[in-house]
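For reference, the structure discussed in these notes is given below.
Order of appearance sets the numbers: ligands from 1, and atoms from 1 within every ligand.
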Amino acid sequence: MNTDDTNKIISLKNVSYTYAKNTPFAKKALDDINLDFYSNEYTAIIGATGSGKSTLIQHLNGLLKPDQGEVLVNGIDTKDKKSQKDLRKKVGLVFQYAQYQLFEETVYKDIEFGLIKRNIPEDQRKQRVLDTAKMVGLTQENLNASPYDLSGGQKKRAAIAGILVLKPEILVLDEPAAGLDPEGTRELFSIIQNLHDNKECTVILVAHSMELVAQYAKRVIVLHDSKVVMDGTRDEVFGNVEQLTKLGLDVPEVTKIMIKLKISHPELNDHIYTVSDAKEEILKHINLTKKSNQFK
Ligand code: ADP
């Protein structure tokens, strides 16, 4: 984590938020949240359903405003009325089922929509749409098609392109894998990874799959009952199996296998969170065993 203050891009200070405040249906969804996000991070937010993840990320671009505390994006308070447009430009938010929110006649027009709303001249719009389509792996044929003719994964990529075309510094995604098959999910996460690596886009996403979180995120934040209960590197958070289990959360399946294997093979490292690392760890020990057998 690059926690140098100059890289701080979003700060939440004592943020609380209650839905239907002052009514019998009031529901506190965020309770005194303090968090800082830094540029170029790749952060996953995890937690049980109802723990406050969606509410939290909607605070990051000012879609929801805290009723206590403050959210600062590049030092600007999200409650500042004058900065709303800038804020949405800086922080691109992709909703959970964004693939069902495409509404234009063609995919091209859908991606172009935000540029028209921002009065970007036509000659610049075309290049930006084409560049963004390429970034997310949509072809010219896809661009000419109706959104309804795309696969679920392509629709999702079109929805993300509609946000990316506005060149946000920070990309926030709520459950990007929702509604996608494993193939579509893999493709999407590798696109997000490329954006993070090549465009140096800061990524903050909500995810359910611990496998995906372990594979991609560098930082993991855990919400429970509207509060942040864990925040650290991937290894720090997934290394604390006991606390995650207490919170009703899982660790990647491969980690559970490594923990079990360690019982009969104490030489193995069980702080392993991805299949490729598990493979490497197991092969390393097989090789060592083979070598030591050669000298017997
Ligand atoms: P998560 O994304 O972790 O599932 P949410 O942020 O969606 O959690 O919800 C946090 C809490 O706020 C839940 O108890 C949920 O029922 C409640 N909530 C979410 N949206 C609304 C809403 N529009 N009106 C009232 N309560 C809501």
Side-chain angles (χ1 to χ4, degrees), residues 10-37 41-73 78-79 84 87-88 91-101 156 159-160 163 168 170-180 185 188-189 192 202-214 216-217 219-232 234 237-238 240 243-252:
I10 305 183
S11 265
L12 286 86
K13 297 180 192 232
N14 306 105
V15 168
S16 294
Y17 183 81
T18 302
Y19 286 103
K21 212 177 173 190
N22 303 324
T23 77
F25 308 104
K27 168 75 205 165
K28 195 164 209 174
L30 297 179
D31 187 2
D32 199 22
I33 304 278
N34 285 289
L35 277 176
D36 290 318
F37 293 95
E41 280 187 322
Y42 191 134
T43 306
I45 301 172
I46 61 174
T49 304
S51 56
K53 304 181 296 295
S54 288
T55 309
L56 171 66
I57 61 168
Q58 289 178 67
H59 275 77
L60 304 182
N61 77 339
L63 202 61
L64 292 178
K65 314 274 194 291
D67 37 42
Q68 274 173 50
E70 57 181 14
V71 179
L72 303 175
V73 178
T78 57
K79 282 183 183 151
Q84 297 305 304
L87 204 57
R88 305 280 148 83
V91 187
L93 176 60
V94 181
F95 286 103
Q96 194 166 0
Y97 285 101
Q99 62 267 44
Y100 302 121
Q101 289 164 2
K156 187 74 161 210
I160 293 177
I163 299 291
I170 306 156
L171 184 62
V172 181
L173 304 112
D174 195 352
E175 280 287 351
L180 299 189
T185 302
L188 185 66
F189 272 80
I192 297 169
T202 303
V203 175
I204 302 170
L205 55 81
V206 168
H208 266 131
S209 158
M210 298 304 152
E211 274 67 27
L212 288 170
V213 171
Y216 291 102
R219 175 182 176 190
V220 180
I221 293 170
V222 185
L223 288 191
H224 181 73
D225 269 351
S226 322
K227 287 190 166 75
V228 173
V229 288
M230 294 172 90
D231 179 6
R234 176 200 71 169
V237 172
F238 284 135
N240 199 341
Q243 193 178 354
L244 284 174
T245 311
K246 262 192 215 154
L247 296 169
L249 296 170
D250 231 339
V251 290

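Ligand 1 lies out of reach of S226, whose nearest heavy atom is not under 4.0 Å from it. Note on ligand 1: G47 sits outside its first shell, no heavy atom being nearer than 4.0 Å.
Distances below 4.0 Å separate heavy atoms of A48 from the following atoms of ligand 1: 3 (O). Against a heavy-atom cut-off of under 4.0 Å, K27 is close to the following atoms of ligand 1: 12 (O), 14 (O), 17 (C).
Residue A29 places no N or O, backbone or side chain, under 3.5 Å from any N or O of ligand 1. Considering backbone and side-chain atoms alike, S51 places an N or O below 3.5 Å from some N or O of ligand 1.
The protein does not reach atom 16 (O) of ligand 1 closely, with no heavy atom under 4.0 angstrom from it.
What sits closest to atom 8 (O) of ligand 1 on the protein, heavy atoms only, is G52 N, 3.2 Å. When only non-hydrogen protein atoms are considered, atom 6 (O) of ligand 1 lies nearest to T55 OG1, 2.5 Å. Atom 20 (N) of ligand 1 has as its closest protein heavy atom Y19 CZ, 3.3 Å. For atom 3 (O) of ligand 1, the closest non-hydrogen atom of the protein is K53 NZ, 2.8 Å. Annotation: atom 2 (O) of ligand 1 to nearest protein heavy atom, S54 N, 2.8 Å. Ranking protein heavy atoms by distance to atom 4 (O) of ligand 1, first place goes to G50 N, 2.7 Å.
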| message | Working note: Q58 + L93, criterion side-chain contact (heavy atoms from CB on, under 4.5 Å); need CA distance, chi angles, decisive distance, verdict. | response | CA-CA 8 Å; Q58 289 178 67; L93 176 60; 4.3 Å; yes

Side-chain donor-acceptor pairs under 3.5 Å in residues 29-37, sequence neighbours left out?
| residue | atom | partner | partner atom | Å |
| --- | --- | --- | --- | --- |
| D31 | OD2 | K227 | NZ | 2.8 |
| D32 | OD1 | N14 | ND2 | 3.0 |
| N34 | OD1 | N14 | N | 2.8 |
| D36 | OD1 | S11 | OG | 2.6 |

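The aromatic rings of Y17 and H59 lie perpendicular to each other, with more than 60° between the two planes, well past the 30° mark.
When all heavy atoms are compared, the tightest approach of K156 to E175 is NZ-O, 3.8 Å.
Residues T43 and V203 have side chains not in contact (no heavy-atom distance under 4.5 Å, counting atoms from C-beta outward). Side-chain contact between L56 and V15: absent, with no pair of heavy atoms (C-beta onward) separated by less than 4.5 Å.
Of the charged side-chain nitrogens involved, none lies within less than 4.0 Å of a carboxylate oxygen, so that D174 and K53 do not count as a salt-bridged pair.
The main-chain N or O of T78 is found under 3.5 Å from a side-chain atom of Q84 such that the two form a donor-acceptor pair. Judged purely by atom type and a 3.5 angstrom limit, R88 uses its side chain to pair as donor or acceptor with the backbone of G62.
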